[in-house]
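So the structure is just underneath, and the comments pick up after that.
Below, read A as the first sequence line, B as the second, and so on, with proteins coming before strands; counting in each chain starts at 1.
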Amino acid sequence: MATAKQTARPERYNPHAIEKKWQEIWAATDLYRVTDDPNRPKWYHLTMYPYPSGNLHIGHWYAMAPSDAAARYKRMSGYNVLFPLGFDAFGLPAENAAIKHGIHPYTWTMANIAHMREQLRSMGTMADWSREVVTCLPEYYRWNQWFFLQFYKKGLAYRANAPVWWCPQCQTVLAFEQVVDGRCERCGTEVYRRELEQWFFRITNYAEELLDFGGIQWPERVKAMQRNWIGRSEGARVAFKTETNRSIEVFTTRPDTLWGATFLVLAPEHPLVNELTTPEQREQVEQYVLQARRESEIERTAVTREKTGVFIGSYAINPVNGARVPIWIADYVLMSYGTGAIMAVPAHDQRDFAFARKYDLPIIVVIEPEGEELDPATMTEAFAGDGVMIQSGQFNGTPTAGGEAVRRVIAWLDETDRGHGEITYRLRDWLISRQRYWGTPIPIVYCEACGIVPVPEDQLPVVLPENAEFTPTGQSPLVTDPEFVNTTCPGCGGPAKRETDTMDTFVDSSWYQYRYLSPHFDQGPFDLEAAARWTPVDQYTGGIEHATMHLIYSRFFTKAIRDLGLLDFNEPFLRLMTQGIILGEDMEKMSKSRGNVVDPDALVAQLGADVVRLFLMFVAPWEMGGPWSSRGIAGIERFVNRVWSLVTETAANPVNQPEDAGAQRLRRLTHRTIRAVTEDIAEFHFNTMLARLMEFVN
RNA sequence: GCGGAAAUGGCGGAACGGCAGACGCGACGGUCUUAAAAACCGUUGGGGAGACCCGUGCGGGUUCGAAUCCCGCUUUCCGCACCA
């Protein structure tokens, strides 16, 4: 604080007066209103919009303040920069708050948004609030419904009875991506499979295209995670006929080992299991199936677990050599991958080898390594390396290196109609149905006469009714509102019932970047002209935790919207930067229970937003994240004070001297600093950028 | 197991083929003060009185020169995983 003695000197840095003054001026002059300007190049910097939980935490600041700084830099170097903010306003926490406190989700959400908007203002962002998007408003979610209808028309949205992941705590189904280690991504409860009729988006249609990252600059690790997630496997589909003339399809990546297939293994849930089980094996098989069903997915998929299985009594014929092979079931074969059945080649696959040894099944070597002879009787592990095909009819002698054998065998399978080349993906279709209240109603009507009827576009939005029972019952809360449920069929006018499931909130965030361009546009999801001017997004910033959900769904949506003819590019986000996580001072993840949470509001009240922002840029390499340091922020405070006194004192006592050697050195350093800072900020190396500036001030 | 990232002072981290440790924190010494805090100035990888010597997870290699490039390990973090 300034004392009486110091009044002759320039005033000390007072962040509160300065920030208040300028934030008021920015608001009054509408400084950050973005308009089209053909004279300047455009730059669309999008930062992931927050969920309105009620409070901005330090992680929000860490994500947004440096993003804001990067966007500002672009603006100050001549670009017409769009940096919008909004709120991801649908979702489970609002429903939980409603149940807990008796507040309507809408009231709770909108109050949180009002508070967080003010917190974001206190951060001093250059956000253009006139473009704010709030996804729980009908003017927004109407277009989720519109997209759903377009996808439905194109066969990209479909309803299917499928085994789905069910969270007993949240009383809802989850998307494949939302199950982490067999547990609900949100509440951590163990989930299980259940058969339900649900809505899906056919994201697998785009699996191949989603593997192509051409033309976008994304971090290697995000691309790797997505590749991994999509999980492409090249191989062949081959049909094994049973002795009762049923066909069991298997997928294999090693068709060149077909001659070594000595048994088949089906998933316990495989539809043919019941029919193919012989009377003498029935009791054992049924017991095993029951046991597998009781076990959680975690137990079933544990790597260390010993393989178990049961012979079901039937045999199939190996289509390449006519060999009679027994059919088994085992819980390590998953119904959800491939065809739910495998051919087992114990000589050349370690899992099959272990299984064969345990149950004393035959092992036939069909790939011989160079200069070595494998003896099935004495082998201790499967041979998975390259070699030459043997005991494989006309393919004997074919080398396996470079995929040669695989290609030739696939060609032959195709010719002789025994099978065909196939590519399998780990990626599943996106399950979008949720048995929840606080989401976008799915615009479908069920009519006894006409069946599934999409709501006509001119009847959108299907508005979420205000009165519904939120308490989870396992059914959608919307079921409890007869006024909503009972309707008339748009086709025949007869009585009909509305779909009561709502959409996954990831639908909202899959296209919000387009809505910012014309947030109140009512002729379509977005103004095509505005989209043509601003999109795709030049720079996207956000958390790495969205690598396999939001960032895949968004890419899918953009490709699907392109195929509707609304966009003419393939990728929504050209350049992606992901920030790390700010940990507590104890190097642990911040959590209330650990008591290591840093409250940004308190810091801003004490030090001002600029000091907090600068420190978050300095504390760690932005992409890495790191531990918070309550001591370290004092260094930034000193730095800002030094800059302030340097500038104000120089202004108070200007010196006009001819350029001496010192001034020349300073000039040189100034230019070196400008150059270094320019390079650093372009790469989001904010910590070294600040180090440069400190050096310069020193 | 597969894929990705990483390992550098007391701490967070710079440098990414050319003086290792920028910048910040902390620590120590000093100026100011009756005193303290703040602020400011200086010192701060280890060893040695010193010229010097040793130092970037471990082991090799390439190079006039390696924290940086190559090969082989170890450990940590992240994602995926009985994926057929």
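Of the nucleotides present, B/G18 is the one that pairs with B/C64 by Watson-Crick or G-U wobble criteria, both distances under 3.5 Å. Under the Watson-Crick and G-U wobble criteria, each requiring two contacts below 3.5 Å, nucleotide B/G72 is paired to B/C58. The partner of B/C2 is B/G79, judged by Watson-Crick or G-U wobble contacts that both fall below 3.5 Å. B/G42 and B/C28 make up a base pair, with Watson-Crick or G-U wobble contacts both under 3.5 Å. Summarising the base pairing, B/C23 is matched to B/G12 through a Watson-Crick or G-U wobble pair whose two defining distances lie under 3.5 Å. Nucleotide B/A49 has no partner under the Watson-Crick or G-U criteria, as no pair reaches both atom distances under 3.5 Å.
On the C1' atoms, B/U68 is 13 Å away from B/U63, given to the nearest whole Å. Straight-line distance between the C1' atoms of B/G21 and B/G13: roughly 9 Å, to the nearest whole Å. Separation of the C1' atoms belonging to B/G30 and B/G65 is 41 Å when rounded to the nearest angstrom. Spacing of P atoms, B/G45 relative to B/A22, comes out at 8 Å, to the nearest Å. On the P atoms, B/G9 is 16 Å away from B/G59, given to the nearest whole Å. Across the P atoms, B/U31 and B/A36 are found 11 Å apart, a figure rounded to whole Å. Across B/C64 and B/U74, the matching P atoms stand 32 Å from one another, rounded to whole Å. Rounded to whole Å, the C1' atom of B/A20 lies 7 Å from the corresponding atom of B/A15.
The side chain of A/Ala224 approaches B/G3 more closely than any other nucleotide in the set B/G24, B/G3, B/C82.
Proximity of the aromatic rings of A/Phe618 and A/Phe639 is defined here by a centroid distance below 6.0 angstrom, and this criterion is not met. Ring centroid separation for the pair A/Trp628 and A/Phe615 comes in under the 6.0 Å cut-off. The six-membered or imidazole ring of A/Tyr553 lies near that of A/Trp430, with a centre-to-centre distance under 6.0 Å. Between A/Phe686 and A/Phe684, the distance separating the two ring centers is shorter than 6.0 angstrom.
When rounded to the nearest whole Å, the span between CD of A/Glu695 and P of B/A15 equals 12 Å. Atom CZ in A/Arg428 sits about 13 Å away from atom P in B/C83, given to the nearest Å. Taking atom OH on A/Tyr332 and atom P on B/A81, their separation rounds to 18 Å, with Å as the unit. Nucleotide B/G24 holds its C1' atom 11 Å from the CZ atom of A/Phe639, rounded to whole Å. Spacing between atom CZ of A/Arg254 and atom C1' of B/C82 amounts to 18 Å, rounded to whole angstrom units. As a whole-Å value, the separation of A/Met689 CE from B/A22 C1' is 15 Å. Distance A/His270 NE2 to B/A84 C1': 13 Å, rounded to the nearest Å. As a whole-Å value, the separation of A/Ile423 CD1 from B/A84 C1' is 16 Å.
Pairing each heavy atom of A/Arg426 with each of A/Arg428, the nearest pair is O-NE, 3.0 Å. Nearest heavy-atom pair, A/Trp622 versus A/Met577, reported as atom, atom and distance to 0.1 Å: CZ3-CB, 3.9 Å. Between A/Ala341 and A/Ile248, the shortest heavy-atom contact is CB-CG2, 3.9 Å.
A salt bridge does not link A/Arg692 with A/Glu679: none of the charged nitrogens is closer than 4.0 Å to a carboxylate oxygen.
Near RNA chain B, meaning a heavy atom under 4.0 Å away, there are no residues from residues 401-412 of chain A. Using a 4.0 Å cut-off on heavy atoms, the residues of residues 342-366 of chain A that approach RNA chain B are A/Ile342, A/Arg351, listed by number. Taking a 4.0 Å limit (strictly below) on heavy-atom distances, residues 607-628 of chain A reaches RNA chain B at A/Phe618, A/Val619, A/Pro621.
For residues 357-367 of chain A, the side chain to side chain donor-acceptor pair (under 3.5 Å) pairs, not counting sequence neighbours, are A/Glu306-A/Lys358.
Interatomic distance, A/Met549 CE to A/Ser510 OG, rounded to the nearest 0.5 Å: 12.0 Å.
If you check every strand for non-hydrogen atoms under 4.0 Å, A/Asn698 touches sugar and phosphate atoms only. Across all strands, A/Ser629 comes closer than 4.0 Å to no nucleic acid atom at all (heavy-atom distances).
Using the six-membered ring where Trp is involved, A/Trp644 and A/Tyr13 have ring planes that are tilted, between 30° and 60° apart. Taking the six-membered ring where the residue is Trp, A/Phe556 and A/Tyr206 present perpendicular rings, their angle passing 60° and hence far from 30°.
Defined by atom type and a distance below 3.5 Å, a donor-acceptor pair is present between the side-chain atoms of A/Ser630 and A/Glu585. No side-chain donor from either of A/Asp256 and A/Thr400 sits under 3.5 Å from a side-chain acceptor of the other. Looking only at atom types and distance, the side chain of A/Thr308 has no donor-acceptor partner in the side chain of A/Tyr332 under 3.5 Å away. Between the side chains of A/Tyr540 and A/Thr578, no donor N or O sits under 3.5 Å from an acceptor N or O.
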Using nucleotides 76-80 of chain B, report all nitrogen or oxygen pairs with the protein that are shorter than 3.5 Å.
residue, atom, partner, partner atom, Å
B/G79, N2, A/Asn228, ND2, 2.8
B/C80, O3', A/Arg426, NH1, 3.0
B/C80, O2', A/Asn228, OD1, 3.3

Distances for protein N/O vs nucleotides 37-42 of chain B N/O pairs under 3.5 angstrom?
residue, atom, partner, partner atom, Å
B/A39, OP1, A/Arg638, NE, 3.2

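Dense packing is recorded around CZ of A/Arg555, with more than 12 heavy atoms of other residues, nucleotides or ligands lying under 6.0 Å away. The number of heavy atoms from other shown groups lying within 6.0 Å of CZ (A/Arg675) does not exceed 12. The 12-atom threshold is not exceeded at CZ of A/Arg246, counting heavy atoms of other residues, nucleotides or ligands nearer than 6.0 Å.
When the nearest nucleotides of RNA chain B are assigned to A/Gly632 and A/Gly338 by heavy-atom distance, the more 5′-ward of the two goes with A/Gly632.
B/G72 shows a glycosidic angle more than 90° from 0 and is accordingly assigned anti.
Phosphate contact (OP1/OP2 of B/C23, side-chain N/O of A/Asn687, threshold under 4.0 Å): absent. Residue A/Ser233 places at least one side-chain N or O closer than 4.0 Å to OP1 or OP2 of B/A84.
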